[in-house]
Amino acid sequence: MISTLFSGKRAQDWLLLLVALGLFSAPWLAGFRAMEVPTWHAWLMAFLLAYLALAALSEARQWEEWVTLGLGVWLIVAPWALRFASDAAAEHSHWLVGGLVIVISLAAEWRFRHAKTS
């Protein structure tokens, strides 16, 4: 059963799922749980990222990588757009996760394009 769970699955989708879990737990780990806006934003974004990762694990589509990339960019911009940039823990957590999501998405897109050319 375990081998079928992991067979044919892409590592970046599992990694994205772990990053989503990290973002969900960031309000407690980074200490900004008392701040309502960044906490709810982290939870919402973690849910969206986990949903996309699980969707990609069931059936990978290229558009999922582009949506994930957009969410990564939004995570970097969100502290200013949602006005919680004054809290370093919340800001840095969103930046870190946003950067990881961007890298994962670009790597997945590169792998998709590279697989088509070979």
Side-chain angles (χ1 to χ4, degrees):
M1 177 163 167
I2 296 290
S3 62
T4 59
L5 181 64
F6 290 100
S7 66
K9 305 303 183 194
R10 300 177 310 165
Q12 68 265 15
D13 299 321
W14 289 108
L15 186 57
L16 185 62
L17 197 56
L18 288 175
V19 169
L21 181 61
L23 180 59
F24 185 84
S25 60
W28 293 283
L29 296 175
F32 61 89
R33 175 61 186 99
M35 297 181 63
E36 193 171 317
V37 172
T39 296
W40 280 101
H41 184 262
W43 290 344
L44 174 65
M45 295 301 293
F47 173 78
L48 291 173
L49 291 170
Y51 176 80
L52 287 168
L54 291 171
L57 283 168
S58 66
E59 184 177 347
R61 297 183 185 111
Q62 189 177 12
W63 66 266
E64 294 163 342
E65 308 306 340
W66 290 106
V67 172
T68 304
L69 178 66
L71 292 177
V73 170
W74 169 249
L75 279 164
I76 291 174
V77 173
W80 295 289
L82 299 177
R83 300 175 197 247
F84 61 86
S86 60
D87 184 89
E91 180 184 47
H92 294 158
S93 296
H94 279 74
W95 284 354
L96 175 65
V97 171
L100 288 171
V101 168
I102 289 170
V103 168
I104 292 167
S105 299
L106 290 174
E109 180 61 24
W110 181 84
R111 286 184 68 191
F112 178 82
R113 290 184 186 270
H114 184 66
K116 292 288 185 181
T117 59
S118 40

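Of all heavy-atom pairs between A56 and D13, the closest is CB-OD1, 3.4 Å. Nearest heavy-atom pair, A30 versus S93, reported as atom, atom and distance to 0.1 Å: CB-OG, 3.4 Å. Considering every non-hydrogen atom in both G98 and L75, the closest pair reads CA-CB, 3.7 Å. Of all non-hydrogen atoms in S105 and T68, the two that sit nearest each other are OG-CG2, 3.1 Å.
L16 and V103 fall into different hydrophobic clusters, where Ile, Leu, Val, Met, Phe, Trp and Tyr residues are linked whenever their side-chain heavy atoms come under 4.5 Å apart, directly or through other members. Criterion: ILVMFWY side-chain heavy atoms under 4.5 Å apart, direct or through other members. Under it, V97 and F24 are not part of a common hydrophobic cluster. Follow the hydrophobic side-chain contacts under 4.5 Å out from W95 and you reach L69 in the same cluster.
For the atom pair L71 CG and L49 CG, the distance stands at 5.5 Å (nearest 0.5 Å). A distance of 7.0 Å separates CG in L106 from CD1 in I102, rounded to the nearest 0.5 Å. Distance check, rounded to the nearest 0.5 Å: CG of L15 to CG of L100 gives 7.5 Å. In this structure, L18 CG and L23 CG are separated by 12.5 Å, a value rounded to the nearest 0.5 Å. Separation of atoms CG (L57) and CG (L52) is listed at 11.0 Å; rounding is to 0.5 Å.
When side chains are defined from C-beta on, D87 does not count as touching H92, because their heavy atoms never get closer than 4.5 Å.
Note on residues 44-71: no pairs pass ring-ring contact (aromatic ring centres under 6.0 Å, His included), not counting sequence neighbours. Within the structure, side-chain hydrogen bond (donor to acceptor under 3.5 Å, both in side chains) pairs that include any residue of residues 22-48 comprise H41-W74, H41-H94 (at least two apart or interchain).
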